Structure formats: structure tokens, C-alpha cells
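Taking it in order: structure first as C-alpha cells, then the write-up.
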Amino acid sequence: MNAETNEIPNRFDFATSATEIYDQWLEHGCFNADVDKTKKPFTIVIPPPNVTGALHLGHALNNTLQDIQIRMHRMQGDVALWMPGTDHAGIATQAIVEKRLKELDNKTRHDLGREKLVERIWQWKEQYETRILGQLQRMGCSCDWRRTRFTLDSQCARAVRSTFFDLFSKQLIYRGKRLVNWDTFLQTAVSDDEVNPETIKGHFWHLRYPFIAPKAGEPKFVTIATTRPETMLGDTAVAVHPDPAAALDKAEKLLREKLQVASVKDQPAIQSQLDELATRKQELLPQLILLANMARDGRKLRLPLVEREIPLITDTWAKPELGSGCVKITPAHDPNDYDVALRCSLPMLNIMNPDGTINENGGPYVGLSMPKARMKVVAAMDDLGFLEKTEDREIDVKHSDRSKTPIEPYLADQWFVRMEQLAQSAMDAVTHGDVKIFPARYANGYLDWLGEKRDWPVGRQLWWGHQIPIWSKTFEAAAEAHSLQSKIEAMPERSAGLISVSIEEPATVHVCIREEDGGLEVKLQSLGLVRQEDVLDTWFSSALWPHSTLGWPEQTAELEYFYPTSTLITSRDIITLWVARMVLMGLNNVGKIPFREVFIHPKILDGYGETMSKSKGNGVDPLDVINKFGPDALRFGLVWLCTETQDVRMPVQFECPHCETLVNQTKENRQQPTVACDKCGKKFSTQWAEKDEDKANPKAPVVSERFEVARNFVNKLWNASRFVMMNLDGFEPMKVDFQSLPLEDQWILSRLATVTKTMQTELKHYRYAEAARAIYDFAWDHFCSLYVEMAKPRLQDPEARPLVQQILAHCLDAMLRLLHPITPFVTEAIWQQLVRFAIKRDLHSSAVANTWIIRADWPAVHEEHIRPEVERQFAHFVDLVGAIREIRSRQNIAPKIAIQFCVRCEPAMEKLLAPMASFLQSMAGATATQWSSSPTLPSINAHVAIDQMDVYVDLTQFIDVDAEISRNEKLLSNLVKQIQGKEGRLSNESFVSRAPADIIAKERQALDELVAQRNATEQAIEKLRSL
RNA sequence: GGGCGAAUAGCUCAGUUGGUUAGAGCGCCACUCUUACAAAGUGGAUGUCGGGGGUUCGAGUCCCUUUUCGCCCA
């Protein structure tokens, strides 16, 4: 904008304006939220993005939705606090840094050591935190940056220590041996949520174990089948079903039931299974019964290779309908076998080192990796004649989500949180309605997951995270442990509540220290206690986020005022991992729920319906979208698509850096380092470019044309504002009597009041797309296409001009405020210019407009302006304009040529529409010659029937007979179709006798009108033919 | 295997308690540089509402079933 000449460019220059505006907001503390008891608090804590990498479009959506709520509540006069921060994302971040360490320096974390590695991760964190916060700022997020937290900073650390100490003291934390998912690459246990099954090609090896001293008539071997033969080194039993006959009968019964209800297509497969079962009964069953008896008789086997004696046992885990009917039991390396071992009191033999190699229990195979051990074991068994056969088979192998390497089930010491009570409290919070989840269907998953009340394994064998604050010592004898326990219990720190002590059977002492305290640590170390190496699961610290960020465990003024927070806005994949745990931790620590509402927003998918990810190459950086379309378009575009039921599908394009053409991303080209432009043919590079030859091509931003709608809307808004401002010279605020306003003014004010009300209720209920559509329709169709068009002639009339200026200024003002939460930059830019033309512009207030729209009041709903009958009346005008325009277009009459028409209507309609003559002139280029219940028709005319009016456009000068005939014929066939439908319905006896009277009456009336129209149309066609 | 969700115009999506001829934006076609906006304006064409069955006078909407896709859990 040129301040001297009042010239306004016809595009919003977001590239320079956005940062200027954001800096101004920052400079003036517009985002700051401080305790003010005269006002209501409104609080949101950000779902802290992981510092693993830059933000993607999913984050952009998530944060836009939060910013909208924050900005709206801020305008509504609440103290709106948006608490920002990032998450250390334990395993994910460490995995990335370790991977880079390997790639760049070819080193492992052990080469570096704990301290050095953690230092490196902090560097990584600083780099990405800066990038992430920068991205949020470019999006316009109005967080209170003074309060930015990190889940690993000292304040969060203190909250973690306090929580851990509290749970430990309540005996809700314990250590136990459990079979865990072991990631041999990262050398840590990972939770079930961090592993994914992948189907890979494997083998099914059938192995024989010899019996020790079998009796006459008994088999010499038992055959088992396994996909992981190396685990035989840790076998401690072989199981057979206790009653194989009954088990086979049961399996058969199930199959027969299935066959009964199966579709024809599925029947053959089930039948063949039944046939196989019958064969088994014949051939295998006697053998299995014999084996079950042998097991009961205590028969033993000699485990080959390690030459260990192991029992044959009976357990229902052995399935007679599968394989050989017998199964090897490896308790320390298989979850099902682990359960069997618990049931049958079998020893558990660990054969693996943390790095995935065979340990000393593996006999001759010690030191080999699991895959190498597998090959050697199979070869050795083959040499011994114990390999019966090998089958190819597809098998599901769990893979670590982080390192992408296969998971080894592994028996390890793990720290757990007992979930029984905690989970129940979080379930109650939702079932009692204290925490409301939108959309409600997501409550199911939350409740189901918590309902399992599985204890939470919280330890991770990592270096990046909150180290578990427990010092332990294991003794030979229980008595020694108890004596140390007594000694510690007698310490003054114990009575001061700084330490807590417990015994893990049989002889381990655990001491938990409440707060960071070097002296105390030394004291415990002098007693021979050693700190636990493990760190806590990253979700442990994020679970405290709503209260730890507000200062807990201190009872701060912020905590008292802003907690519980108002709403949590997040994505569905972390409802259990994060949302549920925040609820239970909030209840445990603060005694109150952490938030009253939770809104689960859709996921952003690409054009193929796949989730976006960097590894697929279909990810979109919000900054690319901002650079091309602007931050407001990014936000509006996301909101426009954020509906309640559907995920957001978003086809992705490369933007050619040479010619700016959008090149569709396909499953092929998104994986390639360089792609050729569809249009100019020149090459550009993608995220995969690594070689110099690829990098030589300029990199293409990845965007989506879905944002064009929003960009166009922002432009429309900008130009409508430009029009208003260009026509505000000489503007003086004036008092307005609503009742005596012309129809068009009453109408736009009624529309404005309605859309204000809609925005408020839709946003309150998180129906973002509906809100966006409401304001879009208002701004584009109602304000721009109709009101502004009608304002044009009025602005030329000195008498009408002041009033129109007032209404325009008022509407623009309110519209900008309604849009500000969604499109903050463009509305602020316009707002600050508007001040120069109209500093007082609100119809209801003589106050000077606020300097900042971010600080302006949210528009009040003026119920008294909502006039449904005015909106109905106005619709007649819109219909009339449309009818005339259609004829113009059909007859191809140039816009500059004036035409005439007459209308058959009742006097009331004439009274309503005759005063609008000037608008018909300006908007349809047409003049009415008559308004009458029986007008004299032009000799050649085109007739259009609209609600309560017949419009006859004079075509004496213009007639294109063929065009008019074809228009009428089309109309006629349409009418005939409808008449047939209605006549059919009304002649249907059951419709007439059963449908409600008002529906029937409506149908009759509609039919009469249609028949009248048909007759008129037929006559018109006849007349046209005679010309 | 269990649970949740989706399937509507070429594309992305609306469609409240069942009730005239199922809507929007983009794209497409035609015509317009009309001084806010060509990122615009005006008009137009485009649908077996995934398939099958049922309830009902009447079904995109309710019920059953089936197919395909996505997500979560096992």
C-alpha cells in the first residue's frame, strides 16, 4: 500500500506482510496470557511435536485448529493461553541421531559413550526445536512463547521425579521379569505400540528330538515344527495336548458350523480343511494319544546340540490340528511359551545377549548372531539326521517401528506402572462425562484400551530421556536386604519424605529419591546402591504435560487459574498412548482432569488415501504451501477440508521450479531423485536427491492444488475490502434505524447476524468445515456478489451514499473479525488499513475501532437483525436476476445491450421488487416495462416461470428462434418427467391413504403448478415454430 | 481374527429428525478485459448415491447382507 496515494495493490502480498504482522503481534505481546481473575481463562496445551524432524501437514492442521480456538476465545475476552513446547520423543530421537552417527562417522553409541551421545542429541534437539517453532510461527500460531517448554527441561524433569516418587511410594511402580519386545539394534525394549508385524518369506523347519529310553512300542522321536530353530537352544520342554481327541473333535465342530454359513465361494476351502482333519484323526491321533500318556508318565527328551534333558509335558497350547501336534517350549523367547512356562512351572532359559548374540547358555553357538546361529543349528540338526523336512512359508515377524529391524522376544527386568486403579479413574472420567470426546465414537477405543488395564512397562534401555530415579542393590540373602531396608528407613531423609524404599523379592533393595540431590545420591552410593540405567518411556513425561507446563508440583498461580485446561486438540493415533495417560496422571497428581474436552481431528492422506510420510516421499512441508499460497490459504484450506466423518484426502503435486507447473505426484515419481516436468520437460530434484548429478537440478517444492480454493478466497476478501476502502472517502459514521432501512440493507444485516451465530456455534462444536463454508458463502456470494454489486449504483447517488458506506464499513468490519481466527494475516492487514478510512464504523457502538484485529471483540450476534421474511423476499429478487441472465446467455445478448421484460405477479410482489429497478438495471442489464397480474406481453418473448412470478423477456430485437425452441424443449421434457412422477404418486392408493395430509396437499399443488407451466411452455414452442 | 470409519458428479467433499427435480468447490464447455478481484464475472453440461436384499405410501438417509479401502487392536 502506498500511504501517499491511497493506492492498494490488487493482491495481498503475504510474503512480506505476514512476517511484519507476526513480528508486530510478538512485539506488542499479543499472545501473552497472564493470570487475571477478573476474566475467564481459556487454555490449550499444544500436543508437543517430536523433535525428531520438521513439521508436516498433519501438524499444520492440528495447530491451525488450536489457533482458531485460541484466537476466537481471545477476541471473546477470555485470557487465552496456548502453551507451546516440544517433546524429546525418547526412542525416536535417539534412533535418528544414532542412525546419523553411523552414516556420517560410522560409529555406534557405545563408541561415543552416554554423555557424548546425549550431548549430540541435545544439539539435534536445538536444531529441530528452532525449526519447528519457526514453522509454527510462519503458520501464525499465537502461542505464549515466553512459556515454551520441553519435556526434558528442568521443570518437566521435576514433575517427572515427583510423579515417579509418588507412584513408587504408593507401590504402583514395581520391577519384574517380563518377556519384552527387544530391539537388538537399539538394544532396548520397545512397547507393543512401537512394533509392527511384517509378512516376510521364511521357512518352517520340522525337527526331531530323541526320547530318553523310550519303552517298547513308543516312538523314538518327537517331531516339532518351528520358524525360529535357533531358539531350540533355550527350549525347556516339548508340549502335547492333554486330550488330543477332544481337541480335534472341537476343531471339527467349529469347521462344520463355519461351513453351514459360508458362502459358496468359501466352501471348498473349508471342506478341504475338514478332509485334512479326518486324515489326521486317522493317522496322527493314535500317536498323539500315546504321546500324551508318555508325558503323564514323565517321559523325558534329550535336546540335541546342547544335550539337555527336557520334559515332555501336556498343555492346551499344543494344537493337534496343526503341524505335528507337538510344540517346543522356549519360555524366554516366545510370548505363548512364556505363558505355558508360568502354567507348568518350567524354567526360563535366556539364550540371548542384549546385542542379539547367543549367550553362554547357547553352548557351542555362543557369540553368534541370531541369524547365523539359525543357519548353524539347522545344518547341525541336518547332520545329526534330526531335520525331517523344510517348508517355505510366509511368516509374520514383528519389526521395531524405530530401527525397522526384527524384534526378538526377550526375558528382561522391566519397570512397570500398575494400571488397575489409574486406568479405572481415567475410564470414569469419560464415562461420567467429565472429559468429553468429540466425535463421540472415539470414546470406544479409549475405554476398550484402558479396560484391559495392562500394566505399563515404563523403562527404556536408552540414554535419551528421564533416567529412572532408583538406586538398587541385590544381595545373596533376603536377610541382608531387609537389614539394609531397615537402615534406610531409619534415615532422616526418609522421615522427611525425600526417599522411599522397597524390596523386590527375594533380595533386592530399591530406593527412590524424590528430587535431584547430589549429597543424598552419594550417601546411597556409599551404601553400595547403584542407580538404574534405564530411562522412562517418553509418554511418561508427556502424560504430565497439562500440569507440568503450568509449574506442578509447585502450586503456582498459573496452575490454579489455567488448570484444568479447556480443550485438547489432537490426532486419533495417540488417544490411548497420550490422551488416556494424561487423564490418569492428571487425576493422580492434581486430583483434577487435565481437560474438559478432547477434539480428535481427521488425518491428512495423500491422493491415494495413504498416510503422508517422508519415507514414502509424499509428505508436504507446510512451508512449501505457505510460500506458494500464503499462510492464510494454508489455514483456510485445511479448515475447509476438516469435516467430521472423513479423513482429508489431498492429491499432491511437485511444483516445477522452472515453469511453476504443478506435476502430479505418482507412486513412481515420488520415489525418484529427479523428475521431468510434464510441461517444460526440464528436470527437477526431489527429497531423494543425493548424488551430485541429481542435486544439480533445482529442488521442487511439494504442494497440493487443494489450497487454490483458499488462496482464491483470500484474494476475493482482499479485493472486496479494497473496493470498500476505495469507496469510503468522505465517510462519516451515522446512526441507522434498522426498521426503515431499504430491503437490501436489512437483508445483508440479517445475513450477517445469521452467519455470526453460525460461526459461533459451529466453532464451539469443532465443526470447522461448516464454519468455514458459512463464512465463505457469506463473504463471496452474499457480500461480494450481491451486496457489493448493489452498492455500486447507490454509491453514485449522493443521497444514498452515506448510508451504503456505513453498512459496507460495518459489514466488512464484522466479516474480518469473524474470519480472523481462520485467516489471521490478511484480516489484520486489511484491518490496519481500514482504520485510515473509517475509524468508527460499528453500527452499534460509537467506540473507535481497536488498532489490532487480534485484540478486537468477537462480533456480537444481533438477533434483532435476523429477519427470515426479509431473506425470503430477497430471494425473489435473486431469482428474477437469475431468470433474466439465463435468457441473456441463451440468446447470446452482449452484456452492454439493454433489454426489457415484463412480469406477471401479484401487487405485493410488485411493491417489493419495483423499487429494485436500478439493481435489475445494473446486475441484469434489464428494465421492467410492466408489473401486473395481467401484463401485455411483447409480441416475441421468452418466458421463464419462477416462484410466484412469470417473467417475459422482450426478444423482438434479438430472437434466436432455434436457441429459444431448444431451451423450451428441454424445459418441457423436464416438466413432463416431473408431472409423470407426481401423477404416479398421487394415483397410488396407498400413498393417498397413508401419507400425511400436508405432504399430499403439497404434492397436489406442485402438480397443478407443473401442469400450468407445461401448458405455457407448449404454447411458447408452438408460437416459436410459427415464426 | 476383533473393533471403528469410509464408499455420493472426472477430482475433493457436504447432505440435520426418511418427504418436491441430491448440493458446493475445483475441473470441463460457452460467452465476457463490465473501472474490487481473469486467483474474476455470467450461463451451461455432468450422478443406477459401491452391489444385493428388506422395512415404508415414500430410502442417499433406517435394518440386514456383500465388496473394496483406511485406521486401531490382537
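First the proteins, then the strands, lettered A, B, ... as listed; each starts at 1. Remember, it's a predicted structure, so these values are computed and weren't measured experimentally.
The base-pairing partner of B:rG27, taking Watson-Crick or G-U wobble contacts with both distances under 3.5 Å, does not exist among the strands shown. Pair assignment for B:rG19: B:rC57, on the basis of Watson-Crick or G-U wobble contacts that are both within less than 3.5 Å. In this structure B:rA9 sits in no base pair that meets the Watson-Crick or G-U test at under 3.5 Å. Under the Watson-Crick and G-U wobble criteria, each requiring two contacts below 3.5 Å, nucleotide B:rC71 is paired to B:rG3.
Whole-Å rounding puts the A:R711 CZ to B:rA39 P distance at 8 Å. For the pair A:R967 CZ and B:rG43 C1', the computed distance is 12 Å after rounding to whole Å. One interatomic measurement links the two molecules: CG of A:D777 to P of B:rA14, which rounds to 15 Å at whole-angstrom precision. Atom CG of A:N974 is separated from atom C1' of B:rU20 by 12 Å (rounded to the nearest Å).
Contact check, A:T643 against B:rA14: a side-chain N or O comes under 4.0 Å of OP1 or OP2. In this structure, A:R572 does not reach the B:rC4 phosphate: none of its side-chain N or O atoms is under 4.0 Å from OP1 or OP2.
The A:R890 side chain lies nearest to B:rG44 when the options are B:rC31, B:rG44, B:rG5. Here B:rG19 is the nucleotide among B:rG43, B:rU56, B:rG19 with the atom lying nearest to any side-chain atom of A:A995. Listed candidates were B:rA36, B:rU34, B:rC71. Nearest to the side chain of A:V788 is B:rA36. The side chain of A:R441 approaches B:rC4 more closely than any other nucleotide in the set B:rU34, B:rA39, B:rC4. The side chain of A:N712 lies closest to B:rA40 when the candidates are B:rC37, B:rC71, B:rA40. In this structure, of B:rC37, B:rA36, B:rU12, it is B:rA36 that holds the atom nearest to the side chain of A:F723. Which of B:rC57, B:rC37, B:rG25 sits closest to the side chain of A:W640 comes down to B:rG25. Comparing B:rG15, B:rU20, B:rU34 against the side chain of A:Q978 picks out B:rU20 as the nearest. Closest contact between the side chain of A:R885 and the listed nucleotides B:rC71, B:rG43, B:rA39 involves B:rG43. Closest approach to the A:K716 side chain among B:rU12, B:rC37, B:rU21 is made by B:rC37 (side chain taken as heavy atoms from C-beta onward).
B:rA74 and B:rC13: their P atoms are spaced 29 Å apart (whole Å). B:rU16 and B:rG23 are spaced 14 Å apart, taking the P atom of each and rounding to whole Å. Across B:rC63 and B:rG27, the matching C1' atoms stand 38 Å from one another, rounded to whole Å. Nucleotides B:rG3 and B:rC62 are separated by 22 Å at their C1' atoms, to the nearest Å. If you take atom C1' in B:rG18 and the same atom in B:rC73, they sit 36 Å apart, rounded to whole Å.
A donor N or O paired with an acceptor N or O is found under 3.5 Å between the base of B:rA39 and the side-chain atoms of A:R11. Judged by distance alone, with hydrogens and angles left aside, A:E789 brings a side-chain donor or acceptor within reach of the base of B:rA36, the pair sitting under 3.5 Å.
Enclosure of atom NZ in A:K453 by more than 12 non-hydrogen atoms of other residues, nucleotides or ligands within 6.0 angstrom is indicated.
The residue from A:R794, A:Q796, A:K792 that alone fulfils the side-chain contact (heavy atoms from CB on, under 4.5 Å) condition with A:V804 is A:R794.
The cationic group of A:R11 does not satisfy the cation-pi geometry with A:W718, failing either the under 6.0 Å distance to the six-membered ring centre or the 45° limit from the ring axis.
Between the side chains of A:H810 and A:R841, no donor-acceptor pair of N or O atoms lies under 3.5 Å. If you check the side chains of A:N62 and A:H601, you find a donor sitting under 3.5 Å from an acceptor. Between the side chains of A:E964 and A:N968, at least one donor N or O lies within less than 3.5 Å of an accepting N or O.
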